[in-house]
There are 2 protein chains.
Amino acid sequence: MLKITRKVEYALIALKHMQTKEDESLTTAKEIAYQYNVPQQLLAKSLQQMSKNHIIEATKGINGGYRIKANLNGISLKDFFEKLEGPLGVMDCYFDSECQISGCNVKAPIERINDNIRKMLSTMTLEEVTQ
Amino acid sequence: MLKITRKVEYALIALKHMQTKEDESLTTAKEIAYQYNVPQQLLAKSLQQMSKNHIIEATKGINGGYRIKANLNGISLKDFFEKLEGPLGVMDCYFDSECQISGCNVKAPIERINDNIRKMLSTMTLEEVTQ
DNA sequence: GATAAATACGATAAAATTTATCGTATTTAT
DNA sequence: ATAAATACGATAAATTTTATCGTATTTATC
Ligand code: FES
Ligand code: FES
């Protein structure tokens with residue numbers, strides 16, 4: 001319950017790793033995978049998704065790699081999570097579909113919990129987490 | 001990611017349902033299961049766990065059932081979740097074991113996220129959710 | 001131009017977790 | 001005794017998460 005996925009953790013590890021390097025240098029998926037002993041292909045997917053979302057930028061080709069592109073202070077943790085995993089809901093009822101439970105009497109309360117979690121995650125920035 | 005389980009939702013549904021009834025009356029698992037079309041045996045386990053934790057009290061035997069026992073205002077959502085699901089951590093590294101990722105560089109940041117989620121859930125009470 | 005090393009990405013397999021069911025024991029009012 | 005309820009361990013089914021596979025594309029270097 002309330003778990004952060006590996007996909008997100010791998011992304012955070014990569015960001016934090018890149019932040020400790022000089023601005024100009026590129027980092028490869030292989031390098032990170034080796035250093036933290038993490039599955040490279042899976043890590044690569046987190047990197048690709050961050051690239052798609054302009055958090056980092058990718059350089060292809062033989063001397064390629066990734067570097068941080070965005071201002072991490074401008075990205076809330078809520079936005080970051082949603083970029084990687086889609087809309088953030090503690091119950092799937094809101095985005096995906098309607099309630100599966102007929103006449104569910106706790107939809108509103110659960111929505112309130114959800115709002116509070118989202119609100120909290122909106123106050124934390126990526127920079128704050130990776131700094 | 002960050003999902004509330006059925007086990008917890010069934011518990012909330014049951015609490016909310018019982019709150020709308022007169023104080024003295026008992027509610028059976030069957031009654032709730034039927035009304036919300038929810039698997040009775042599974043719901044029963046949520047009820048049993050709440051009973052163990054003195055949130056509700058159970059009466060056995062042919063005219064048995066459950067009724068609310070605790071003051072729901074005195075129970076935070078954090079405590080409630082932990083009574084049902086054990087220690088609340090967005091990553092299993094803290095309670096279960098050590099980090100599986102060698103030299104994980106985001107343990108402290110993730111712990112910070114975790115603290116904030118727990119802090120937030122400490123400010124919400126069960127009463128607030130079921131009222 | 002061939003090669004090597006990197007990103008990109010869809011498809012699939014494996015593992016883990018969540019959800020549900022089964023079977024049986026116990027309690028208690030009638 | 002019986003019926004209707006809680007209690008609970010064991011197991012099965014379903015779903016989700018995690019990991020791997022295979023292939024395509026890009027690009028610096030020789
Ligand atoms: S089934 Fe949608 S909130 Fe309960
Ligand atoms: S593996 Fe424990 S926080 Fe990263």
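Throughout, protein chains are lettered first and strands after them, A, B, ... in sequence-line order, and every chain is numbered starting at 1.
- Partner of M1(B) under the side-chain contact (heavy atoms from CB on, under 4.5 Å) criterion, out of K3(A), E82(A), E85(A): E85(A) alone.
- The partner of dC30(D) is dG1(C), by the rule that a Watson-Crick or G-U pair needs both atom distances under 3.5 Å.
- With DNA chain D read from its 5' end, the first of the two nearest nucleotides for Q40(A) and G61(A) is the one closest to Q40(A).
- Within the nucleic acid shown, A44(B) has no heavy atom closer than 4.0 Å to any nucleic acid atom.
- N53(B) places a side-chain N or O within donor-acceptor distance of the main-chain N or O of Q49(B), the cut-off being under 3.5 Å.
- Among the nucleotides dG10(C), dT6(D), dT21(C), the one closest to the side chain of Y66(B) is dT6(D).
- The CG atom of L47(A) sits 15 Å away from the P atom of dA19(D) (whole-angstrom rounding).
- If you take CD1 of I4(A) and P of dT16(D), they are 20 Å apart, rounded to a whole angstrom.
- Between Y10(B) and dT19(C) there is no side-chain N or O to OP1 or OP2 distance below 4.0 Å.
- When distances run from any side-chain atom of I62(A) to the nucleotides dA19(D), dT6(D), dA28(D), the shortest one goes to dA28(D).
- dC8(D) atom C1' lies 15 Å from atom CG of L43(B), rounded to whole Å.
- The pair D115(A)-R112(A) fails the salt-bridge criterion, with no side-chain N (NZ, NE, NH1 or NH2) lying under 4.0 Å from an Asp/Glu carboxylate O.
- Taking atom CD of Q49(B) as the reference point, atom P of dG9(D) lies 11 Å away to the nearest angstrom.
- Following rounding to the nearest Å, M18(B) (CE) and dT6(D) (C1') show an atom-to-atom distance of 13 Å.
- For the pair T59(A) and P39(A), nearest-nucleotide mapping onto DNA chain D gives the more 5' position to P39(A).
- If you check every strand for non-hydrogen atoms under 4.0 Å, K52(B) touches sugar and phosphate atoms only.
- Look at dT18(C): its Watson-Crick or wobble partner, with both distances under 3.5 angstrom, is dA13(D).
- Distance E57(B) CD to dA5(D) P: 18 Å, rounded to the nearest Å.
- Checking dT20(D), dT26(C), dT18(D) against every side-chain atom of K60(B), the shortest atom distance belongs to dT26(C).
- A salt bridge links E31(B) with K21(B): the distance from a Lys NZ or Arg NE/NH1/NH2 to an Asp or Glu carboxylate oxygen falls below 4.0 Å.
- Side chain of R67(A) to backbone of A58(A): no donor-acceptor contact under 3.5 angstrom is found.
- When only modelled atom types and interatomic distance are considered, E57(A) and S51(A) share no side-chain donor-acceptor pair under 3.5 Å.
- Computed from coordinates, the K7(B) NZ to dC8(D) P distance equals 13 Å when rounded to whole Å.
- In the set dA20(C), dC21(D), dA7(D), dA7(D) carries the atom at the smallest distance from any side-chain atom of Q48(B).
- Of the candidate nucleotides dT21(C), dT7(C), dA6(C), dT7(C) has the atom nearest to the side chain of A58(A).
- dA29(C) is paired with dT2(D) under the criterion used here, namely a Watson-Crick or G-U wobble arrangement in which both key atom distances are under 3.5 Å.
- The interatomic distance linking L42(A) (CG) with dA11(C) (P) rounds to 17 Å, in whole Å.
- In this structure, dC9(C) forms a base pair with dG22(D), meeting either the Watson-Crick or the G-U wobble geometry with both donor-acceptor distances under 3.5 Å.
- Residue K45(B) places a side-chain atom within donor-acceptor reach of the base of dT21(C), judged by atom type and a 3.5 Å distance cut-off alone.
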